Amino acid sequence: MDTLHLEQRLHHLEQQSLLLEPSATDRLPVQQAVEQYAQAFLEDLPQLPVFVDTPDKGAGLLQSPIEEEGIPVQEALGLLKEQVDTPGINPASGGHMGYIPGGSLYYSGLGDYLAAVTNRYAGIFYSSPGAVRMENMLIRWMAQEIGFPQDTAGNLTSGGSIASLIALVTARDAQNITCRIIPDSVIYCTSHTHHCLDKALRIAGLGECQLRHVPMDAQYRMDPKALQMQLEQDKAKGLKPWLLIASAGTTDVGAVDPLAALADLAQQHGLWYHVDAAYGGFFALSPTGKQKLKGIERADSVVMDPHKGLFIPYGSGAVLIKNSQQLTESHHYQASYMQDTLSVTGEVSPADVSPELSKHFRGLRIWLPLKLHGVAAFRSALEEKLLLAQYTYQKLQGLPGFEVPVAPDLSVVIFRYLPEAAIDANAFNQKLIQAVQKDGRVFLSSTLLDGQFMIRFAILSFRTHKATLDLALEILQEKAKEITASWQEA
Ligand SMILES: Cc1ncc(COP(=O)(O)O)c(C=O)c1O
């Protein structure tokens, strides 16, 4: 192509690609339509069902394929509303008390919007020193809240699973667990440890370590005496105990393992002590929660999820590692095409302490709500959740037919309905949870506890208050009554 043709072609392509840069006049109506959508969603939220089972489960989205020509914003928002924001669980709702909720703070959404518009590159200090300082400042703030030292290093991740992977890879290298010794290396946790840790162990090449499920007490907390015995037995066999994984809030029942007693054992036996506080960690912000989490400050690594206890939208986990050098040694790499970045030093770069290079500017979605609301509101909301769990536990104990096997350590309340002897309890409770979910006013989820079908309240959304629990308890009684009647008729 000669220069003239090349220039003509470039001019043509430039005109076409300018479509990607709407003018201020073009941006405004789109921005207004999006903001109106968000405002209408928030206004409608208290009345919206928490669970919707549409017949095609969002498949209508596929009727509008990705095409060469764009569509008007109202049409796109219509697809979003009908096909994405309607079917399934509505996690923004205060009625969401299944799995582990969190809600989604509006100011986080604004933070994400700004992060996307400015697109600061938060991976490397040289590229965006402010974004990296913000991330590290948040890590140091979390460290302070759980009693970790100020030189703690860490990373804002997409969630608890990747945060756990970073912690376990660091633990593996710090303990020098190489291929040769993996089969003789022993890891300790309980059968209630979250499955993301099993996944992380496998991804980290540790799947062939020996895994001990330490027995739990009646509250489903790890039994330190049983751990001590197991450690001694394993050492006597010539094995290498190296990693202890405790939970600060299990998913099933919200149990907090005896963190201080486990720290003693970890210290005594030279283990890496990891605490999975993905669910429970931010309760450290509340006075009651701080007491419950005593001992967490003695861990080597902690995972805590802002998209749970800090009410940030999905996509926010955090890992904190006490020894920053160990974290860096496991994740740091250099490449010649990165040489310019080496000239500027300051804070630890997120890319040097995680598997990611390019990453979402995750700090802003956490920093903005913390700065605008102030931390005090978070402390109150978290204290409220702990009290709501106590309230629910007490109320359920007083309801005829309901069995509540464990008092909540944090904000998960597990229970079941005990039907009359002729009816199978597991089948009854399965019907009960299905009826509650179909009703859609609140959303609860279920689990198995020692083979028994259990229903659980996970109270963590900042939008969940006493009235939400009162409604849920009413619905449960109503549905239990209906199911009993239909069972008797059948
Ligand atoms: C105790 C616990 N650990 C880890 C995880 C995994 O976190 P994520 O879903 O953010 O990857 C969860 C998720 O619910 C959890 O409850």
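Read the numbers this way: they start at 1 and go in the same order the structure lists the ligands and their atoms. Only a predicted model underlies this, so the values are computations on that prediction, with no experimental measurement involved.
Separation of the F415 and F457 ring centroids falls under the 6.0 Å cut-off.
Taking K385 as the reference, nothing meets the salt bridge (Lys or Arg N to Asp or Glu O under 4.0 Å) condition, with sequence neighbours excluded. In this structure, the ring-ring contact (aromatic ring centres under 6.0 Å, His included) partners of H307, at least two apart in sequence or on a different chain, are Y314. The side-chain hydrogen bond (donor to acceptor under 3.5 Å, both in side chains) test applied to Y417 returns no partner, not counting sequence neighbours.
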Contact table ligand 1 N or O to protein N or O, d under 3.5 Å:
from	atom 1	to	atom 2	distance (Å)
ligand 1	3 (N)	D276	OD1	3.2
ligand 1	3 (N)	D276	OD2	2.7
ligand 1	7 (O)	D305	OD2	3.4
ligand 1	7 (O)	K308	NZ	3.1
ligand 1	10 (O)	G160	N	2.7
ligand 1	10 (O)	D305	OD2	2.8
ligand 1	10 (O)	H307	NE2	2.8
ligand 1	10 (O)	K308	NZ	3.3
ligand 1	11 (O)	G160	N	3.3
ligand 1	11 (O)	S161	N	2.8
ligand 1	11 (O)	S161	OG	2.6
ligand 1	14 (O)	K308	NZ	3.4
ligand 1	16 (O)	T251	OG1	2.9

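Side-chain contact between L410 and L386: present, with at least one pair of heavy atoms (C-beta onward) separated by less than 4.5 Å.
The nearest pair of heavy atoms linking D409 to G254 is CB-O, 3.4 Å.
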